[in-house]
2 protein chains.
Amino acid sequence: MGKRVLVIEDDQELGAQIVKRLRDAGYEPTWWKEGRRLSRETLPDVDLVVLDLMLPGTYGMDILKDLRVFSEVPVLVLSARNDTADKVRALRLGADDYMTKPFWPEELVERVRARLRRPTLGRGDVVEVGALRIERGRREVSVRGERVELTRLEFEFLAALAERPGEAMTRSSLAARVLDPERDGTERTLDVHVSRLRKKLGRGAFVETVWGIGYRLGDGRDE
Amino acid sequence: MGKRVLVIEDDQELGAQIVKRLRDAGYEPTWWKEGRRLSRETLPDVDLVVLDLMLPGTYGMDILKDLRVFSEVPVLVLSARNDTADKVRALRLGADDYMTKPFWPEELVERVRARLRRPTLGRGDVVEVGALRIERGRREVSVRGERVELTRLEFEFLAALAERPGEAMTRSSLAARVLDPERDGTERTLDVHVSRLRKKLGRGAFVETVWGIGYRLGDGRDE
DNA sequence: CGAAATCTTACGAATTCCTTACGTGCCGGG
DNA sequence: CCCGGCACGTAAGGAATTCGTAAGATTTCG
C-alpha cells in the first residue's frame with residue numbers, strides 16, 4: 001500500500017540517500033539516474049515525482065513541461081539554484097514544490113508526505129457520478145448496477161473525464177491523456193469514441209458536450 | 001479566481017506586502033494582524049491560510065495544531081527559522097508548505113497558486129456576483145438559479161470580467177485575454193458579444209459599460 | 001448640436017460536432 | 001492457415017451552432 005515515488009536524480013550519493021529515506025518512510029521509490037523524455041507510456045504509474053532540475057543533457061524544466069501535458073501527478077522539484085525567477089518558473093510550469101539544495105532528507109520526506117496526504121485527483125479508485133460507477137483498478141464500469149463492457153480507449157477516455165467530474169475538459173487535453181499521438185488518431189477520433197461510449201452508457205447524458213471546448217462528465221440527469 | 005486567503009502575520013510591512021501581492025494576483029486576502037485561537041466558528045471560510053509561525057503571544061505552531069483538528073484547509077507556513085527540525089515539525093503538524101524568511105513575494109504567490117490549483121475539498125471555482133453565478137470549472141452560468149446557455153466566447157468574456165468583479169477592464173485587455181488575434185475578430189467584435197451576453201443574462205446590468213474604457217462586472221442591482 | 005463611442009440586428013460563412021460506413025490490423029479458434 | 005470477430009482510425013455527409021462583419025440606430029460627451 002506504499003505510495004510510489006519516482007525519483008529523477010543523477011547524483012549518485014544524493015539519489016541513494018533520497019531513495020533510502022523514502023523507503024524507510026514507507027514509500028516505494030523508483031530511481032532514474034538520468035533524465036529521459038517523458039510520454040504517456042514511459043511515465044510509470046506513480047503517485048509523485050521528485051525531479052532534479054539540474055540534469056546533464058536534458059533540461060529538467062523540459063521534462064516538467066512534457067509531463068504536464070498528459071499528467072497531473074504531483075511534482076517536487078529539486079534544484080541547486082536559489083533564485084526566485086527559477087522557482088517561479090518551475091511553479092508556473094506546474095511543479096507543486098521546490099526545494100533548494102542542500103537540504104536535509106528529513107525535510108524532503110516531510111514535503112513528500114505533505115503532498116501525498118492531499119487527494120491526488122486521478123487516484124480515487126472509484127468514482128460515482130449519478131448512476132454511473134467507474135472502478136479504475138478493476139477497469140469496470142456500470143450504470144444503475146448494470147455492467148457495461150467498454151473497450152480500452154472507451155474506458156481510458158471515461159476515466160480521464162472522471163478525473164474531474166463535472167468539469168469541462170478540452171479535447172486537446174483529453175487527447176493528450178488518452179491517445180498516443182504516434183499510433184493513435186487525432187482529436188477527431190475522440191468524437192467517434194464518445195459516440196460509441198454514449199451508445200453503450202445508454203440514456204442519460206453522462207458525457208456532455210461543451211461546445212467549443214470539449215466534454216464534461218455529468219450525472220446523467222436531464223439535459 | 002477570487003479564492004480567499006487568510007493571512008496571519010503580525011509584521012505590518014510584510015503583511016501589507018503579502019496582501020497586496022495576493023490581491024494583484026486575483027485572490028481575496030483577509031489579514032489578521034495577530035494570532036488568535038482558532039475554532040470551527042472563528043475560522044472564516046477561506047481556501048488557504050498563510051500563517052506566520054513567529055507571532056508574539058500565541059505560538060504559530062499551536063494555531064496550526066488547533067486548526068488541523070477541525071479543518072483540512074491548506075496551510076502555507078512562514079518562518080524566520082531555517083532549521084530542519086522546525087520545518088519537519090510544521091509539516092508533520094499538517095502544514096502544506098514552509099517558506100523561510102526572507103523570501104520574495106513572487107515566490108509566495110506562486111506557492112499559493114500551486115496549492116490552490118489542486119482541488120481542495122469542498123467548493124469549486126465559483127464566482128457569485130449578485131444574482132449571477134459563474135462556475136468556471138463546469139463552464140456554467142446561472143442567473144437567479146436559472147441556467148443560461150452561453151457560447152464559448154460569451155463565457156470566456158464573462159469569466160474574464162469575473163476575475164475582478166466591479167473593476168473596469170479595458171477593451172484591449174479583454175480582447176487580448178479572450179480573442180485569438182489570428183482567428184477571431186477585433187475589438188469591435190466584443191461589442192457584439194456583450195450585446196448578446198446582456199440579452200441572455202436578462203434583466204439587471206451585469207455587464208456595465210465604462211465609457212471610454214471598456215466594461216465592468218456589476219451585481220445587476222443599480223441602474 | 002455634432003462627433004465619437006457604443007449598441008443592436010441581420011445574415012452568411014466558418015467552425016464544430018455527430019453519426020454512419022468502411023478498411024485495416026490483431027487475435028483466437030477451428 | 002484461414003476465418004470471423006473485435007477494436008480502432010479515417011473519411012464523409014450533414015446538421016447545428018457560433019462568430020465576424022457591415023450597417024444603421026442610439027447614446028454619451030463636450
Side-chain angles (χ1 to χ4, degrees), chain A residues 40-41 139 141 148-161 168-218 223, chain B residues 139-141 147-161 168-218 223:
Chain A
R40 234 172 37 76
E41 289 75 28
R139 299 199 134 241
V141 173
V148 178
E149 295 296 336
L150 297 185
T151 69
R152 182 178 65 87
L153 279 185
E154 284 160 7
F155 180 85
E156 296 285 1
F157 178 78
L158 189 59
L161 275 182
M169 300 186 69
T170 64
R171 277 190 156 61
S172 64
S173 102
L174 284 168
R177 278 180 172 64
V178 171
L179 301 175
D180 176 353
E182 299 283 319
R183 269 199 327 271
D184 301 337
T186 72
E187 294 183 11
R188 291 286 96 231
T189 305
L190 285 185
D191 298 352
V192 180
H193 288 293
V194 172
S195 178
R196 305 204 253 242
L197 195 46
R198 281 173 171 158
K199 199 179 293 181
K200 286 189 180 179
L201 295 183
R203 277 274 162 278
F206 291 112
V207 181
E208 303 172 0
T209 300
V210 184
W211 235 91
I213 301 294
Y215 297 97
R216 168 178 57 196
L217 186 62
E223 277 166 304
Chain B
R139 292 195 143 245
E140 279 189 1
V141 173
R147 274 281 295 287
V148 178
E149 297 293 340
L150 298 185
T151 70
R152 182 175 68 87
L153 281 185
E154 284 160 8
F155 181 87
E156 298 285 2
F157 179 77
L158 187 60
L161 277 181
M169 299 187 69
T170 65
R171 279 188 148 60
S172 63
S173 92
L174 281 169
R177 173 91 165 61
V178 169
L179 300 176
D180 176 355
E182 298 283 318
R183 222 183 34 199
D184 301 336
T186 72
E187 292 184 15
R188 290 287 97 227
T189 306
L190 283 186
D191 298 352
V192 180
H193 288 294
V194 173
S195 176
R196 305 205 254 239
L197 194 46
R198 281 172 171 157
K199 193 184 293 182
K200 286 188 180 178
L201 295 183
R203 307 207 73 69
F206 290 112
V207 181
E208 303 171 358
T209 300
V210 183
W211 222 86
I213 304 291
Y215 299 96
R216 169 176 53 198
L217 185 63
E223 189 204 358

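So you know, we letter chains A, B, ... as the sequences are listed, proteins then strands, and number each from 1.
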- Separation of atom NZ in B:K200 from atom C1' in D:dC19, rounded to whole Å: 11 Å
- For B:S172, which residues count as a side chain to side chain contact (heavy atoms under 4.5 Å, CB included) partner, sequence neighbours excluded? B:T170, B:E187
- Task: Specify the separation, in whole Å, of atom CD of B:E154 and atom P of C:dT15.
- Result: 19 Å
- Query: Counting only side-chain N and O atoms of A:R152, is one of them less than 4.0 Å from OP1 or OP2 of D:dC8?
  - Reply: yes
- Message: I want to check one thing: is the phosphate of D:dC8, taken as OP1 and OP2, less than 4.0 Å away from some side-chain N or O of A:T189?
- Response: no
- Query: Has B:Y215 got a side-chain N or O lying under 4.0 Å from the OP1 or OP2 atom of C:dC7?
  - Reply: yes
- Quick one: list whatever passes side chain to side chain contact (heavy atoms under 4.5 Å, CB included) with B:L174, sequence neighbours left out. B:F157, B:A160, B:L161, B:M169, B:L190, B:Y215
- Note on the structure: Rounding to 0.5 Å, atoms NE2 (B:H193) and CZ (B:R188) come to a distance of 12.5 Å
- Message: Can you measure A:H193 atom NE2 to D:dC6 atom P for me and round it to whole angstrom units?
- Response: 17 Å
- Who pairs with B:T209 by side chain to side chain donor-acceptor pair (under 3.5 Å), at least two apart in sequence or on another chain? B:R198
- Query: Expressed in angstrom and rounded to an integer, what is the separation of B:L190 atom CG from D:dG20 atom C1'?
  - Reply: 12 Å
- pair A:T186-A:L179: side-chain heavy atoms closer than 4.5 Å: no
- Message: Tell me the interatomic distance from A:R188, atom CZ, to C:dA21, atom C1', rounded to whole angstroms.
- Response: 17 Å
- Message: Angle between the end axes of the helix from C:dC1-D:dG30 to C:dG30-D:dC1, five pairs per end, to the nearest 10 degrees?
- Response: 30°
- Query: Any side-chain heavy atom of A:R171 sitting closer than 4.5 Å to one from A:D191?
  - Reply: yes
- Stepwise salt bridge (charged side-chain N to carboxylate O under 4.0 Å, His left out) test for B:R139 and B:E156: CA-CA 9 Å; B:R139 292 195 143 245; B:E156 298 285 2; 2.6 Å; yes
- Rounded to the nearest angstrom, tell me the gap between atom CG in B:L153 and atom P in C:dT16. 10 Å
- Item | Gap between atom CG of A:L158 and atom CG of A:L201 - 0.5 Å precision | 6.0 Å
- Item | Results of side chain to side chain donor-acceptor pair (under 3.5 Å) for A:E154 - residues two or more places apart only | A:T151, A:K200
- Is the shortest side-chain N/O distance from A:T186 to OP1 or OP2 of D:dG9 below 4.0 Å? no
Detail all sub-3.5 Å separations between protein N/O atoms and N/O atoms belonging to nucleotides 3-5 of chain D.
none

- Looking at CH2 of A:W211 and CG of B:L150, how far apart are the two atoms once the value is rounded to the nearest 0.5 Å? 14.5 Å
- Query: Phosphate oxygens OP1/OP2 of C:dC7: is one of them under 4.0 Å from a side-chain N or O of B:T209?
  - Reply: yes
- Atom-to-atom span, CD of B:E156 to P of D:dC19 - whole angstrom: 10 Å
- Base versus backbone protein contacts along nucleotides 24-30 of chain D [heavy-atom cut-off under 4.0 Å; B, S, -]: ----BS-
- To the nearest 0.5 Å, atom CZ of A:R216 lies from atom CD of B:E140 at 4.5 Å
- Atom CD of A:E187 to atom C1' of C:dC18: distance rounded to whole Å? 16 Å
- Can you name the residues that form a side chain to side chain donor-acceptor pair (under 3.5 Å) with A:R196, not counting sequence neighbours? none
Give every pair of a protein N or O atom and an N or O atom of nucleotides 8-14 of chain C that lie under 3.5 Å apart, one pair per line with the distance.
from: C:dT8; atom 1: OP2; to: B:S195; atom 2: OG; distance (Å): 3.3
from: C:dT9; atom 1: OP2; to: B:K199; atom 2: NZ; distance (Å): 3.0

